[in-house]
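To start, the structure under review is shown below, and the notes come after it.
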Amino acid sequence: MLLPTGPRAGRLLLTCLGPQQLRSTITTAAATAAAAGPRLCRRYLWLWNRRRDGAAATSAPSVQALRPVQAAASAAQQLHGIEWHDPYAFLKHTPEKLLRKHLTQELRHTTAALKDVEGLRRQLQAEIDSHSEANWQDSQRSRYRDYEYFSLRDGEHRVDMRQKVDTDARSLGDAHAVLDHRKAAKLFGSSMIGSLQVSPDQQLAVCLVDKTGADDVCAYVFDIATSHVREVVENVFSVAWAADSATLLYTSPDAQRRPFALYSHRLGHPQSEDALLYQEKDSEFLLDVGRTKDEAFFTINVNSKTSSEVYLLPCDQPHGTPVLIHPRSNFSYFVEHQRGSLYIVTNADGAVNFKVVQTPAHAPTKDNWRDFVPHSDSASIVEMEIFASHCCVFRRDLASNTPFLSTICLTTGEQKQTALPKGHAICDVSPHSNTHSAASVAQFSSSSPLLPFADWTYNLSENKLTLAKEQTATGKPSLDMDNYTCYQVNVPGIDGAGQGSFDIPMTLVHRKDMRQDGTSPVLLRCYGSYGINLDLGFYPMYASLLARGWTIALCHVRGGSERGPAWATQARKGGKQRTVDDVLRCATYLVDNKYTQPKLLAGYAISAGGFAIAAACNQRPDLFGAAVLRVPFVDVLGSMVDAELPLTSLDYEEWGNPVQSKDDLESLLKICPYTNLKAQPYPDMLLTCSDNDYRVQYWQVLKYAAKLRECASNRPRVLFWPNVHSHFAHSAEDAARELAFLIQTIQMRGGDGK
């Protein structure tokens with residue numbers, strides 16, 4: 001059971017057969033078991049520097065001339081009687097052939113600009129590969145019905161396995177392959193293989209495959225014993241098996257990539273005969289299908305950013321009529337079932353940090369909801385797992401920004417809680433699939449900036465936490481944990497709206513012998529949108545970065561949920577400036593406390609996080625020496641006034657609807673990074689995009705690059721790499737290129753372009 005995410009964060013597709021150990025992958029997005037619902041999306045960052053390796057400074061490279069994009073003479077836009085100018089709006093309608101010709105020039109220009117560090121880029125890529133390969137691990141076993149499922153790995157080669165067991169989990173015979181991902185990539189025509197679900201009779205499996213990297217997803221149904229593909233269901237977002245092992249329920253997206261329709265598909269019948277069970281007409285809501293852990297019900301989840309409703313349908317009646325639990329209102333809720341009761345995670349009745357309520361399954365209306373896990377002002381509920389005997393709640397302490405677990409006995413109501421050991425406390429926690437409803441233990445993984453992952457087993461009745469497996473950073477260079485430190489500081493915040501004093505949590509990671517004298521380079525990361533927390537997990541390049549004297553600064557700014565859902569609410573719509581304010585406060589703190597100096601401070605952000613860094617560079621360009629913006633959402637106003645673009649209507653609750661609201665328009669006019677570019681100095685920037693990306697259109701990033709080159713008074717290097725595979729794809733080669741740019745800018749050229 002998981003809380004919903006923002007559309008630009010994307011959806012995860014993680015296998016339900018094993019633990020979530022795909023954190024170190026560098027090529028594709030992971031994805032969620034459909035039975036769990038939408039998961040928070042986490043992407044990958046790898047940055048590196050050789051500052052303490054004594055690399056010699058080099059002269060500026062000889063850059064191939066780049067013909068600039070010319071601004072339009074007339075580019076006035078108008079809404080609500082307010083006029084603004086968008087001089088590069090025409091790029092949306094420029095013939096694709098001409099745009100691709102310019103993108104080719106951009107590729108050549110960036111390649112030439114980085115020519116002098118090509119050797120370094122290759123070295124960086126080798127280091128990235130060494131850490132990525134070292135972090136591929138075999139998974140823990142996870143039981144589903146008569147089998148235990150697990151994954152074996154040899155480098156990036158993964159094979160999903162299973163072994164039959166008796167009621168006491170004793171092995172019965174040899175293990176057999178369910179899905180060999182290398183062979184499946186050839187069979188399916190894509191290596192982007194997401195969630196795999198086994199049918200209740202355990203003869204078949206269905207997996208979601210993204211054919212292009214742009215959420216062009218198909219569901220492949222195959223026979224486990226023979227690997228024979230039985231059929232392919234096109235245009236799928238989420239999928240779940242019915243009890244008969246012959247029927248699939250799946251959701252399908254519309255032309256705007258919004259999952260809106262629920263179908264029932266009978267194996268062996270053409271997809272054109274599929275029955276439509278539900279259709280969501282409100283363009284601000286997403287549709288998802290899953291199953292309760294005990295496989296009693298399908299859960300049909302209809303979610304917006306601030307509201308939801310859930311329908312139930314018995315898994316043995318896949319062609320029936322879904323029953324609504326409670327109509328959408330001004331709160332959200334998510335449902336599990338066990339022993340005739342529904343357990344509902346909700347923020348109803350002012351429970352801003354969420355609570356768990358219980359109600360009879362035969363009488364699910366809100367009048368019958370009774371508190372089971374009360375709301376807490378000091379801790380938020382992140383996820384919930386329901387087993388036959390216990391409810392296990394994954395929570396986050398809002399003061400320390402650290403996770404802990406609570407268990408409640410379903411019979412006695414006894415509650416217990418436990419936290420991770422001190423060395424693991426600053427981390428992200430990812431529950432495993434935990435598909436065995438009768439299990440006495442819950443399995444989960446953790447990952448921290450210094451530790452790639454640890455697998456944990458939590459005994460529900462004994463409240464005992466056991467470390468099952470731990471993976472240290474063993475690539476080259478390796479991390480000796482005794483030489484590094486990871487801790488959190490509280491940065492004093494400033495709120496012009498008069499909301500009083502508050503602190504911004506910031507996680508810092510560096511060598512213990514780092515001299516706090518302003519001479520060290522710092523990587524500042526942030527996100528700050530959709531209520532998504534900035535990832536605290538390990539990235540392969542942290543090892544190389546830290547070993548060479550960098551400090552990693554992870555800024556948990558408003559817009560995320562590190563301090564609870566209210567932390568996110570403060571930075572929606574007209575409050576978006578608060579995200580930028582927090583970024584600037586964190587950057588100022590790093591300089592004032594002599595962790596670094598502006599010319600050695602590099603900003604790094606992905607997708608909607610690019611808004612925060614780009615807006616910060618508009619407002620305080622003197623604070624940054626460089627920035628890398630990956631597939632950045634920088635043309636915010638242009639997106640939100642264009643209802644033709646995918647995701648625009650889904651984003652109204654986050655960014656506002658400037659077409660309908662003059663206030664929303666005025667807010668976006670003040671903060672949109674592209675709109676607010678002006679004649680002033682700017683730091684060097686590397687921008688990336690993909691022509692296979694519907695979340696951030698490639699011509700939007702090109703607009704930003706063109707206007708930045710036009711406005712910047714100091715003629716900074718603005719490099720543009722429009723050749724990443726997709727919104728979430730990030731290869732070792734891509735990462736190494738970004739690092740080479742940062743080293744060349746921050747280290748070799750001192751952050752001032754000289």
Return yes if some donor-acceptor pair links the side-chain N/O of [X] with the main-chain N/O of [Y] below 3.5 Å, else return no.
X	Y	answer
Gln700	Gln697	yes
Gln680	Asn618	yes
Asp535	Gly537	yes
Thr579	Ala612	no
Ser308	Tyr333	yes
Ser307	Ser329	yes
Trp567	Val557	yes
Asn533	Ser561	yes
Asp397	Ser400	yes
Asn657	Asp664	no

Does [X] pair with [Y] as a salt bridge, N-O distance under 4.0 Å?
X	Y	answer
Arg695	Asp693	no
Lys594	Asp517	no
Asp582	Arg585	no

Can you list the steps and then say if Thr596 with Thr551 is a side-chain contact (heavy atoms from CB on, under 4.5 Å)?
CA-CA 9 Å; Thr596 191; Thr551 293; over 6 Å; no
>> Does the Lys NZ or Arg CZ of Lys305 fall within the cation-pi geometry relative to Tyr530 - under 6.0 Å from the ring centre and within 45° of the axis?
In response: no
Q. Under 6.0 Å from the six-membered ring centre of Phe404 and within 45° of its axis: does the NZ or CZ of Arg395 meet both?
A. no
Does a side-chain heavy-atom distance below 4.5 Å link [X] with [Y]?
X	Y	value
Glu284	Asp651	no
Ile426	Ser448	no
Tyr539	Arg525	yes
Ile746	Pro521	yes
Cys689	Phe720	yes
Phe611	Val634	no
Met506	Leu590	yes
Leu405	Leu420	yes

* For Lys355 and Asp349, run salt bridge (Lys or Arg N to Asp or Glu O under 4.0 Å): C-alpha distance rounded to whole Å, both residues' side-chain angles, the deciding distance at 0.1 Å, then the answer. => CA-CA 10 Å; Lys355 63 180 179 178; Asp349 308 318; 3.3 Å; yes
Quiz item: Are Trp456 and His424 near enough that their ring centres are under 6.0 Å apart?
Solution: yes
Centroid separation under 6.0 Å, is that true for the rings of Trp655 and Phe633? yes
Between the side chains of [X] and [Y], is a donor N or O closer than 3.5 angstrom to an acceptor N or O?
X	Y	result
His432	Ser445	yes
Asp480	Tyr484	no
Thr407	Gln415	no
Tyr604	Glu738	yes

For Ser607 and His727, run side chain to side chain donor-acceptor pair (under 3.5 Å): C-alpha distance rounded to whole Å, both residues' side-chain angles, the deciding distance at 0.1 Å, then the answer.
CA-CA 8 Å; Ser607 192; His727 189 77; 2.9 Å; yes
Margin query: Is there a side-chain contact (heavy atoms from CB on, under 4.5 Å) between Phe453 and Phe538? Walk through the geometry before answering.
Written below: CA-CA 8 Å; Phe453 77 85; Phe538 178 83; over 6 Å; no
Which atom of [X] lies closest to which atom of [Y], heavy atoms considered:
X	Y	result
Pro621	Pro681	CB-O, 3.1 Å
Leu629	Ala614	CD1-CB, 4.0 Å
Ala553	Val522	CB-CG1, 4.0 Å
Thr745	Gly625	CG2-O, 3.7 Å
Ser380	Leu398	OG-CD2, 3.7 Å
Pro505	Asn490	CA-OD1, 4.0 Å

If you round to the nearest 0.5 Å, how far is [atom2] of [Y] from [atom1] of [X]?
X	Y	atom1	atom2	result
Phe354	Phe334	CZ	CZ	5.5 Å
Arg717	Leu686	CZ	CG	9.0 Å
Leu534	Glu562	CG	CD	6.5 Å
Gln488	Ile504	CD	CD1	13.0 Å
Asp635	Lys703	CG	NZ	3.5 Å
Met640	Cys672	CE	SG	11.0 Å

Requested in this report: Please state whether the rings of His510 and Tyr487 are parallel, tilted or perpendicular, taking 30° and 60° as the class boundaries.
Outcome: perpendicular
Q.
Tell me whether the count of non-hydrogen atoms from other residues, nucleotides or ligands lying under 6.0 Å of NZ in Lys512 goes above 12.
A. yes
>> side-chain contact (heavy atoms from CB on, under 4.5 Å), that's the test. Do Val580 and Arg578 meet it? Break it down for me.
In response: CA-CA 5 Å; Val580 185; Arg578 292 177 177 140; over 6 Å; no
### Task
Decide yes or no on side-chain contact (heavy atoms from CB on, under 4.5 Å) for Ser529 and Glu654, but give the supporting numbers first.
CA-CA 8 Å; Ser529 287; Glu654 182 71 20; 3.9 Å; yes
